[in-house]
Asker: 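Mind looking over this structure? Questions follow.
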Protein chains: 2
Amino acid sequence: MESDGQPRWLSTEEQGVWQAYLQATTLLEDHLDRQLQRDAGMPHIYYALLVHLSRAPHRQMRMTQLAKNAKITRSRLSHAIARLEKSGWVRREDCPSDKRGQNAILTDGGQEVLMRSAPGHVAAVRLAIFDRLSPEQVTQLGEIMRVMAKGLQPDGSDADLPWRR
Amino acid sequence: MESDGQPRWLSTEEQGVWQAYLQATTLLEDHLDRQLQRDAGMPHIYYALLVHLSRAPHRQMRMTQLAKNAKITRSRLSHAIARLEKSGWVRREDCPSDKRGQNAILTDGGQEVLMRSAPGHVAAVRLAIFDRLSPEQVTQLGEIMRVMAKGLQPDGSDADLPWRR
DNA sequence: AAGTGCTTCTTGAAAGTTGAACTAGATAGT
DNA sequence: ACTATCTAGTTCAACTTTCAAGAAGCACTT
């Protein structure tokens with residue numbers, strides 16, 4: 001990284017966009033956190049972990065892989081899975097091929113919670129986003145978020161920008 | 001709220017958009033949190049609080065107002081300000097007109113930290129968003145986020161959707 | 001088989017967040 | 001004035017997240 005002469009501040013429009021982004025994302029996160037805490041007894045990220053597991057081959061996944069998919073640190077995942085295990089929604093099993101490894105497995109109870117709370121959750125997401133945006137905007141949002149996500153991947157041979165000279 | 005017959009699940013495209021949204025937003029938040037923790041010694045939300053204060057009339061604001069602007073709960077703000085006070089970047093003062101009230105005031109030290117770390121922060125935001133998106137996309141993002149934010153305001157005579165019959 | 005280094009996952013303490021309960025001051029109605 | 005109600009802000013306990021450190025297995029080299 002080079003430290004430039006003077007920083008390029010945000011334009012007025014960019015400032016507005018950034019502010020709207022911050023407000024929308026924090027409001028939505030809070031909203032979903034509360035919704036799921038109330039209806040499913042867990043915060044949004046924990047719920048997302050269950051969703052990931054439910055979609056995985058044997059409803060199970062290696063810890064590191066799960067952490068990567070959910071974009072959280074392994075440490076955070078460890079704590080989260082411990083909590084979900086205590087709630088009976090996930091259990092752990094040793095990985096047979098790699099003795100260091102652990103598989104997180106969605107239990108029947110976990111699946112049940114998921115099925116029970118999914119409709120409400122989808123409704124909340126719809127209400128916040130998809131029912132408010134035009135189809136074109138949905139498409140645009142998808143493209144934009146994909147660009148951002150790609151640029152932020154910790155791994156991907158990132159580092160360089162679209163070459164501005 | 002009515003509980004419908006069967007839930008309207010997300011289409012394939014919507015699922016993709018939602019997933020991209022979750023990934024992009026969590027990655028960006030983590031990224032900025034780390035960047036600011038490293039460069040300014042505080043998480044992103046605390047930094048945002050200082051920014052809000054720096055833009056306020058006397059570099060000061062009533063607690064509740066600040067909480068509203070920053071979209072966080074009063075409780076969270078109390079803790080945050082306590083911490084920022086301990087770091088010497090904010091101080092509190094009783095509100096003269098309302099003896100219950102407190103004003104959070106940005107100190108010179110706070111202003112200084114802000115000025116010192118702003119360039120790096122703006123660069124990070126730019127790198128993550130504005131340098132990656134086309135001008136049209138920036139505009140689109142702004143519109144989309146404003147719609148979302150508006151729909152999620154806890155106060156605003158919200159409640160009803162764009163009338164889908 | 002010993003050594004080095006890498007990966008997997010966990011742990012513990014410190015920091016941050018949440019939701020409910022609480023104090024104190026303002027407001028409105030009677 | 002009296003009471004009820006509301007608002008501003010804080011505090012406590014329970015929970016979540018982070019960061020640094022650590023235990024254990026793998027893998028490659030010599």
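Treat the numbers as computed from the prediction; the structure is a model and nothing was measured. Every chain is numbered from 1 and lettered A, B, ... according to where its sequence line falls, protein lines coming before strand lines.
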Asker: Evaluate the ring planes of B:H44 and A:W18, with Trp represented by its six-membered ring, and classify them as parallel (under 30°), tilted (30 to 60°) or perpendicular (over 60°).
Answerer: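 Parallel: the ring planes of B:H44 and A:W18 meet at under 30°.
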Asker: Can you check whether A:R62 has a side-chain N or O nearer than 4.0 Å to OP1 or OP2 of C:dC9?
Answerer: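 So the side-chain polar atoms of A:R62 do come within 4.0 Å of the phosphate oxygens OP1 or OP2 of C:dC9, strictly under.
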Asker: Report the distance from atom CD of B:E85 to atom P of C:dA15, rounded to the nearest whole Å.
Answerer: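 Going from B:E85 (CD) to C:dA15 (P), I get 17 Å.
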Asker: Take atom CZ of B:R100 and atom C1' of D:dA8, then tell me their distance rounded to the nearest Å.
Answerer: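 Interatomic distance, CZ of B:R100 to C1' of D:dA8: 5 Å.
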Asker: Measure from the side chain of A:D98, starting at C-beta and using heavy atoms only, and say which of D:dG25, D:dC12, D:dA20 lies closest.
Answerer: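 Nearest to the side-chain atoms of A:D98, counting from C-beta on, is D:dG25.
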Asker: For the atom pair CG (B:L28) and CD (B:Q23), what is the distance rounded to the nearest 0.5 Å?
Answerer: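 Output value for this atom pair is 13.0 Å.
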Asker: Of all the nucleotides listed (C:dC9, C:dG19, C:dT17), which has the minimum atom distance to the side chain of A:M63?
Answerer: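 It is C:dC9.
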Asker: Heavy-atom nearest nucleotide on DNA chain D for A:S97 versus A:M42: which residue maps closer to 5'?
Answerer: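 So the residue in question is A:M42.
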Asker: Using heavy atoms to find the nearest nucleotide of DNA chain C for B:Q37 and A:C95 separately, return the residue whose nucleotide is more 5′.
Answerer: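 Whichever sits nearer the 5' end wins; that is A:C95.
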Asker: Between A:R59 and A:D108 (salt bridge meaning N to carboxylate O under 4.0 Å), is one present in this structure?
Answerer: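 Looking at A:D108 together with A:R59, the answer is yes, because their closest N to O distance falls below 4.0 Å.
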Asker: What distance do A:T25 atom OG1 and B:L22 atom CG have between them, rounded to the nearest 0.5 Å?
Answerer: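 A:T25 OG1 to B:L22 CG: 11.5 Å, rounded to 0.5 Å.
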Asker: Please report the interatomic distance CD1(B:I144) to CD(B:Q137), rounded to the nearest 0.5 Å.
Answerer: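 Going from CD1 on B:I144 over to CD on B:Q137, the span is 9.5 Å.
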Asker: Report the nucleotide, chosen from C:dA26, D:dT10, C:dT18, that has the shortest atom-to-atom distance to any side-chain atom of B:R74.
Answerer: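 For B:R74, the side-chain atoms sit closest to D:dT10.
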Asker: Using only modelled atom types and a 3.5 angstrom limit, is any donor from either the side chain of A:H79 or the base of C:dG12 paired with an acceptor on the other?
Answerer: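 Counting by modelled atom types and ignoring angles, a donor-acceptor contact under 3.5 Å is found here.
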Asker: Quick one: A:R76 CZ to C:dA14 P, roughly how many Å, whole number?
Answerer: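 Whole-Å distance recorded here is 21 Å.
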Asker: Rounded to whole Å, please give me the gap between CG in A:L36 and C1' in C:dT17.
Answerer: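 The distance from CG of A:L36 to C1' of C:dT17 comes to 17 Å, rounded to the nearest Å.
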Asker: Can you tell me how far P of C:dG19 sits from CG of A:D30, to the nearest Å?
Answerer: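 My rounded result for the distance is 8 Å.
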Asker: Counting heavy atoms from C-beta on, name the nucleotide in C:dT10, D:dG25, D:dT16 closest to the side chain of A:R92.
Answerer: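 Nearest nucleotide to the side chain: C:dT10.
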Asker: So, is B:T64 near the phosphate of D:dG9, with a side-chain N or O under 4.0 Å from OP1 or OP2?
Answerer: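 Result: yes.
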Asker: A:K68 NZ to C:dT8 C1': how many Å, rounded?
Answerer: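 That distance rounds to 11 Å.
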Asker: Of the nucleotides C:dT17, D:dT16, C:dG12, which has the atom closest to the B:I45 side chain?
Answerer: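 Between C:dT17, D:dT16, C:dG12, the one nearest the side chain of B:I45 would be C:dT17.
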Asker: Would you say A:R83 places a side-chain N or O within less than 4.0 Å of OP1 or OP2 belonging to D:dT16?
Answerer: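 For D:dT16, OP1 or OP2 has a side-chain N or O of A:R83 closer than 4.0 Å.
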Asker: Looking at B:R34, does any N or O in its side chain come under 4.0 Å of the phosphate oxygens OP1/OP2 on D:dT18?
Answerer: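 The answer is no; no side-chain N or O of B:R34 sits under 4.0 Å from OP1 or OP2.
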Asker: Would you kindly give the CG-to-C1' distance between B:D33 and D:dT16, to the nearest whole Å?
Answerer: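 For the pair B:D33 CG and D:dT16 C1', the rounded distance is 14 Å.
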Asker: About how many Å separate OG of A:S78 and CD of A:E85, when rounded to the nearest 0.5 Å?
Answerer: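 Going from the CD atom of A:E85 to the OG atom of A:S78 covers 10.5 Å.
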Asker: Nearest to the side chain of B:Y46, heavy atoms from C-beta on, is which of C:dG16, C:dT8, D:dT18?
Answerer: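 Given the options C:dG16, C:dT8, D:dT18, the side chain of B:Y46 is closest to C:dG16.
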Asker: Provide, to the nearest angstrom, the distance between the CG atom belonging to A:L77 and the P atom belonging to D:dC19.
Answerer: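 Going from A:L77 (CG) to D:dC19 (P), I get 16 Å.
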Asker: Kindly say whether, by distance alone, the side chain of A:S75 makes a donor-acceptor pair under 3.5 Å with the base of C:dT11?
Answerer: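 Indeed, a donor on one side and an acceptor on the other fall under 3.5 Å apart.
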Asker: Is any side-chain N or O of A:S78 under 3.5 Å from a base N or O of C:dT11, one able to act as donor and the other as acceptor?
Answerer: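 It does not, because no donor-acceptor pair links the side chain of A:S78 to the base of C:dT11 below 3.5 Å.
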